[in-house]
Amino acid sequence: MPESLSHRHLLEAADLDRDDATLVLDTAAQIESALAGREVKKLPTLRGRTVVNLFFEDSTRTRISFELAAKRLSADVINFSAKGSSVSKGESLKDTALTLEAMGADGIVVRHSASGAPHRLATWVAGSVVNAGDGTHEHPTQALLDAFTIRKRLGRLDGVRVVITGDVLHSRVARSNVRLLHTLGAEVTLVAPPTLLPVGVDSWPVTVSYDLDAVLPGADVLMMLRVQAERMNASFFPSAREYSRRYGLDADRMARLGDDAIVMHPGPMNRGMEIAADVADSPRSTIVEQVGNGVSVRMAVLYLLLGGNA
Amino acid sequence: MTILIQGARPYGEDAVDVLVKDGVIAAIGEDLSSTAETVDATGLVLLPGLVDLHTHLREPGREDTETVLTGSRAAALGGYTAVHAMANTDPVADTAGVVEQVWRLGSDAGLVDVVPVGAVTVGLGGERLAELGAMADSAARVRVFSDDGKCVADPALMRRALEYTKALDGVVAQHAEEPRLTVGAQMHEGERSARLGLTGWPAVAEEAIIARDVLLAEHVGARLHVCHVSTAGSVELIRWAKSRGVQVTAEVTPHHLLLTDAQAEGYDATFKVNPPLRTAEDVAALRAGLADGTIDAVATDHAPHAAEDKECEWSAARPGMLGLEQALSVVVDTMVDTGLLTWREVADRMSVRPAVIGRLAGHGRPLEVGEPANLVLVDPGARSVVDPAALASKSRNSPYAGRELPARVVHVLLRGEPTVRDGEVQK
């Protein structure tokens, strides 16, 4: 596997052109088959390399996924949980970056509540920065694992009709998926109440609808986004119940999907809010599979960014 | 002190000699002679000293980022002879004591006339009027009142402020931002904010307040000044209000004349400012509004910030950017070199009208015999690349770093005394 990505960092889905994105997915598939049936699920690729998981925001599942990915590539992994930031108390992002730089981090996986924090970090360090979710901006490895999951289930991405439903306004998952899926040739439709779509969404390469029922029959993939109930306090919608009724996925709605259509959710789910329990646990659901695919895709990203000239 | 300025071009027009004596223009003519110090001003444009309606000098409170002295140096180097110092200091300039302190620091620095702006409300709290009359009657002679940084959002309070300042020959300078529409706002709301995942600051949050305030000003017959107009819609509203005879004036910043929200790409918080950088269409409308006089003045909104308040996450950064030292260059770049303003109109928008709005005697006066010698000489042909490290300001948050801009301030006189000679500040 001699190839590498065109950018040194993975900050947003736009860093990946179609060749790059396909390379990540292919590499993830190769890693999966290389590890399949092995007793020791570990590759020596990143031996001697140091990966820092720099999490300014709690996210056990994403941190564990990156940790496992790095460890399976034999990298040394440090978990750096930096509660607070220059916003509140404690060390500034820049000082943290310079500290990690001095320690010789080869890769920094960063999760931050501020949009653009990984971009800033990337200007201060020599190592590769991987965005593990920044504010309401992007979460590119989530989009990669979603694309990987779709390709695995449906066999292709080109021309696949993906409906993304929920709080698009505040969703980094939606932003990354819109960009990446478009790059990979899928057709994306966003469904949400108008209050949860950003002003300016009309410039995105998507179709927008306010009516979930209208778009269900044509969907190959239905991706449900997490909706935080506290949004209703800011009048994005009147009540959790009304949201659920209009935009939630229950068994009745699921029944209107095509035979091969799949249901995705980036987690963590609000069962009963955007997705009903019986839907989440149905055979159409890829939710648990997405978690496993996340490790493979993150291994591929770390390998392609850090595995080159050791 | 007597100085003979030889070969200067008043308003960029025909070259003349100007004799400055005892703080006033003593003679204007061809081939004047004098035994006094002479300044070779061949090719230089002569303008009345510039007047800034909107400067943050940070003293008292944040002397680590700017002081009245360092800000005065920056102002003089920018061609200014008077600057209005905004009230959002710590403590807030909401009493006669604080405005007099700032005024005294300015006169001690002695480089520009530092004119304090008084807060409209106590502590910028937006709840009750500060003692506007006491500030007006103080040694600082405050005429401009502003809660800048915060909007006087309560419509009843804004009405009272407008009414009350009529007795003081004062003006309320409104920071037009409906706070409920800008909760957490980080940048202009549009395509870029949607993509960058930064909370949007919609144009309507500015326009709604301007629409309300021009109607209030009309209703009570008071003067209103609108700070840092940033949207095409705001220009339209002000044009409409003026056509109705409302006593409204408005300012635009250099950065809103030049830069757009494209600067937010990369999340470099140097470009975070309030109101935010807008779209190219807004920039075009602002230029047109300044050209046709709908917008009366260019005001810098010079806002020094410490490095740690800019070298951080965008959402954690403080809004604001430096402006005093490059304002004239940006105006030349965006308005003169584009043919939108003559030099005479530059003098009008950067000196004459701001002085009238601020009720400053002795500034913004015509270049005529007997007038105060508050003068700036500009080399219109010079071009230079902005180096933040070379600025006189104590802070480095210039949005023009690395940008080549035209025009250079060569000499500045404050009441006949040189404050800048050959581009060097004198104190």
**OP:** Could you grab the distance from atom SG of B:Cys312 to atom NZ of A:Lys94, nearest 0.5 Å is fine?
**Re:** 10.5 Å
Original post:
For the residue pair A:Thr136 and B:Leu198, what are the closest heavy atoms and their distance?
Top reply: OG1-N, 4.4 Å
**OP:** Would you check if the side chain of A:Arg179 reaches a backbone N or O of B:Arg195 as a donor-acceptor pair within less than 3.5 Å?
**Re:** no
Original post:
With under 30° as parallel and over 60° as perpendicular, where do the rings of A:His137 and B:Tyr267 fit, or are they tilted in between?
Top reply: perpendicular
Original post:
B:Asp268 versus chain A, heavy atoms under 4.5 Å apart: side chain, backbone, both or neither?
Top reply: both
Original post:
Between CD of B:Glu308 and CG of A:Leu93, what distance do you get to the nearest 0.5 Å?
Top reply: 14.0 Å
Subject >> chain A interface, residue from B:Ala269, B:Gly197, B:Pro202 that has the most non-hydrogen pairs under 4.5 Å >> reply: B:Gly197
Original post:
Given the rule in the side chain to side chain contact (heavy atoms under 4.5 Å, CB included) test, do B:Glu311 and A:Trp124 qualify, once you have shown the distances and angles that lead to the verdict?
Top reply: CA-CA 10 Å; B:Glu311 288 187 344; A:Trp124 297 319; 4.3 Å; yes
Original post:
If you measure from CG on B:Leu196 to CD on A:Glu138, what distance do you get to the nearest 0.5 Å?
Top reply: 9.5 Å
Original post:
Got a sec: does the CZ of A:Arg231 have more than 12 other heavy atoms crowding it under 6.0 Å?
Top reply: yes
Original post:
Atom CD in B:Glu313, atom CG in A:Asp134: separation rounded to 0.5 Å?
Top reply: 11.0 Å
Original post:
So which of A:Pro198, A:Gly116, A:Gly200 has the largest heavy-atom pair count under 4.5 angstrom toward chain B?
Top reply: A:Gly116
